[in-house]
Amino acid sequence: MDSNWTDLHALYAPIAQRRITDLFADTPDRAEDFSAAFEDMRLDYSKTNIDNAARDALIALCDRTGLATRREAMFTGAPINETEGRAVLHTALRNLDGGPVLVDGTDVMPEVLDTLARMRRFADAVRSGALAGPGGAFRDVVNIGIGGSDLGPRMAVRALVPYHHGPRCHFVSNVDGADISDTLRDLDPRRTLFIVASKSFTTIETMTNARTALAWMEQGGGDVATQFAAVSTAPDRTAAFGIDAEHVFGFADWVGGRYSVWGPVGLSVMLAVGPDAFDAFLRGGQAMDRHFRAAPWGQNLPVLLALVGIWHHQICGHATRAVLPYDQRLARLPAYLQQLEMESNGKSVAMDGHALTMQSGPVVWGEPGTNGQHAFYQLIHQGTAVVPCEFLLAAQGHDPNLAHHHRLLVANCLAQSQALMRGRSLDEARALMGDIGLAEDERERRARHRVFAGNRPSVTLVYPQLTPFVLGQIIALYEHRVFVEGTILGINSFDQWGVELGKELAESLQPVIEGTEDAAASDGSTAALVRFVHRHGG
């Protein structure tokens, strides 16, 4: 382990048991000193055990690992995805007025902006009814994709419900037939538009669902030429499927799937909220890009969020991270961030091909508040493992008639982070018990069940309201956080070789499951499970 990490571990050891509340007692201005703001967004990381010395040491990692150089390389089109020899330029998809971006000497922005204009024309035609199915204007849109072609747009469409004034959007991702069956059950095959999102147009789950959708639509009197669009770079395959070339939207290989919601993969988002709101979403991402490129490390929101994550996982040894949006419309954000972080930084090999000498990314999970309070918060508060928490909170909801709901939501969010930090001592628990007519030893036993260890860290991201612009800021914030963590860890955050082996084995097992090949070549467990499926699966 190099000195970057040994120094930080040595710094942490003597303060590991220090109370966060003591930091507030010693530093009256801690809440301001350990917060950072960009526009109307505030990141508060004061409820952590990070002090000035720890922050300085963490910030030093940025310079020691060449973060500024690698950041500029990303934004200017250098092939920083070194294991695949590709640039990483999802930022170009939201570069609405930021000037040229060169890849191998060619400015990619004219093509990016042309594709965005084509998306806008298509969305306007669908939303106005100028492009319709045999049964009339489209009432429903079904996005068929998986991974980044599903998680991003699914999350964004749900997040922006107050801005919907287009067709209803649905999402199918799982190859389990129940997913598409349940989705299509109440739809009209003559008034449903399908978007098939697969760059290669060969993704087995997506294409299986697409063919099922095509059969359902044709059986119901639909028309593939008007009712199917594709997000793909395989025009020969989309043409063979019957999709009009004007309804095919491609994107370059320098856009990774989990970073792709900003472009054609976000077509369902544009259909739901309209092109203008989608532009606001892009501009929110662009604003965060500019902040990330310009702000000093100590005031840079993505950098600070990354450094807090590294402190908690790599230095303190906390294995997981809970993302807890107190914003119901961000219900799919934890699942989106699971892919963004765990597929990006779930690696065990450094850029140089050697094994990592420290832990890579944490397990990311979560649910919206207040539902989580009645589910897993018990473990967060009183379990034996410390789970750093990330709270997200809007100062204002969208329905003024339900303002009292929002005030209660805010109170719960702030109370949870406060309770995690403060805890409850045994003396406080004894006092809480009062005199309830029990023997002293029984009162003591019950009091101990009411003790909260506290000293559990959290950060809170607050923003005025969940608008398309703010959603763009949030997603870009987390994208850059992942990039910073990967750079400091010395790994490639933009490949995902770990998903390949399972795909390969699934393809080889399919004829075994279908009974056209023997299971003898499989391991004993797999062969036994195949026999069970054959006996009971019809």
Side-chain angles (χ1 to χ4, degrees), residues 9-28 30-31 34 44-51 54 308-309 311-326 334 359 362-393 404-405 407-460:
H9 282 289
L11 187 64
Y12 171 63
I15 63 171
Q17 302 305 315
R18 180 178 58 190
R19 303 291 298 184
I20 300 170
T21 50
D22 291 343
L23 291 171
F24 279 92
D26 295 340
T27 311
R30 179 171 173 80
F34 287 80
D44 182 320
Y45 61 104
S46 62
K47 294 189 183 78
T48 69
N49 204 10
I50 297 173
D51 56 19
V308 171
W311 175 259
H312 287 151
H313 185 53
Q314 278 78 19
I315 306 305
C316 302
H318 306 319
T320 79
R321 173 188 301 152
V323 178
L324 308 169
Y326 274 69
Q359 294 294 318
V363 174
V364 178
W365 59 285
E367 279 287 325
T370 57
N371 286 10
Q373 293 176 202
H374 298 268
F376 53 79
Y377 277 45
Q378 168 63 41
L379 182 146
I380 292 176
H381 281 290
Q382 289 188 308
T384 55
V386 174
V387 179
C389 296
E390 295 182 0
F391 296 95
L392 293 93
L393 177 67
H404 61 294
H405 281 256
R407 288 192 294 270
L408 182 58
L409 182 74
V410 171
N412 272 273
C413 180
L414 300 183
Q416 290 299 322
S417 65
Q418 188 179 54
L420 285 166
M421 177 180 66
R422 287 175 50 181
R424 178 189 290 153
S425 70
L426 180 56
D427 286 342
E428 290 172 326
R430 288 166 178 155
L432 187 68
M433 289 292 296
D435 186 3
I436 55 174
L438 295 173
E440 184 175 344
D441 58 344
E442 178 61 14
R443 287 179 59 214
E444 181 72 6
R445 184 184 71 83
R446 295 194 185 190
R448 290 180 180 278
H449 287 277
R450 289 159 171 78
V451 171
F452 291 72
N455 212 35
R456 305 206 166 188
S458 68
V459 300
T460 303

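Numbering starts at 1 and runs along the sequence shown.
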| If we ignore angles and hydrogens, is there a donor and acceptor under 3.5 Å between the side chains of Asp427 and Ser425? | no

Quick check for you: to the nearest 0.5 Å, what is the distance between [X] atom [atom1] and [Y] atom [atom2]?
{"X": "Phe391", "Y": "Ser458", "atom1": "CZ", "atom2": "OG", "answer": "5.0 Å"}
{"X": "Leu438", "Y": "Met433", "atom1": "CG", "atom2": "CE", "answer": "6.0 Å"}
{"X": "Phe452", "Y": "Ile380", "atom1": "CZ", "atom2": "CD1", "answer": "12.5 Å"}
{"X": "Arg450", "Y": "Arg430", "atom1": "CZ", "atom2": "CZ", "answer": "13.5 Å"}
{"X": "Leu11", "Y": "Ile315", "atom1": "CG", "atom2": "CD1", "answer": "9.0 Å"}

Return the minimal non-hydrogen interatomic distance between [X] and [Y], and the atom names on each side.
{"X": "Ala453", "Y": "Arg19", "result": "O-NH1, 3.0 Å"}
{"X": "Ala54", "Y": "Ile50", "result": "CB-CG2, 4.0 Å"}
{"X": "Asp44", "Y": "Ala31", "result": "OD2-O, 4.5 Å"}
{"X": "Gly383", "Y": "Arg456", "result": "O-NH2, 2.8 Å"}
{"X": "Ala429", "Y": "Val451", "result": "CB-CG2, 4.1 Å"}
{"X": "Asp51", "Y": "Leu23", "result": "CB-CD2, 4.4 Å"}

| said: Is the ring pair Tyr12/Trp311 parallel, tilted or perpendicular, if the boundaries are 30 and 60 degrees? | reply: perpendicular

| What is the ring orientation for Phe34 with Tyr45, classed by angle as parallel under 30°, tilted 30 to 60°, or perpendicular over 60°? | perpendicular

Do the non-hydrogen side-chain atoms of [X] and [Y] ever get within less than 4.5 Å of each other?
{"X": "Gln416", "Y": "His381", "result": "yes"}
{"X": "Leu420", "Y": "Lys47", "result": "no"}
{"X": "Gln373", "Y": "Gln378", "result": "no"}
{"X": "Leu324", "Y": "Phe376", "result": "yes"}
{"X": "Leu409", "Y": "His405", "result": "no"}
{"X": "Trp365", "Y": "Val387", "result": "yes"}
{"X": "Asn455", "Y": "Val386", "result": "no"}

| said: Just checking Arg422: does its CZ atom have more than 12 heavy atoms from other residues, nucleotides or ligands closer to it than 6.0 angstrom? | reply: no

| remark: Per side-chain hydrogen bond (donor to acceptor under 3.5 Å, both in side chains), Arg446 is matched among His449, Glu444, Glu442 by Glu442

Short question: side chain of [X], backbone of [Y] - any donor-acceptor pair under 3.5 Å?
{"X": "Gln359", "Y": "His318", "answer": "no"}
{"X": "Asn49", "Y": "Ile15", "answer": "yes"}
{"X": "Arg321", "Y": "Glu390", "answer": "no"}

| request: Run the salt-bridge test on Glu440 and Arg443 with the 4.0 Å N-O cut-off and return the result as yes or no. | output: no

| What's the verdict on side-chain contact (heavy atoms from CB on, under 4.5 Å) for Arg445 and Asp441, showing C-alpha distance, side-chain angles and the deciding distance? | CA-CA 6 Å; Arg445 184 184 71 83; Asp441 58 344; over 6 Å; no

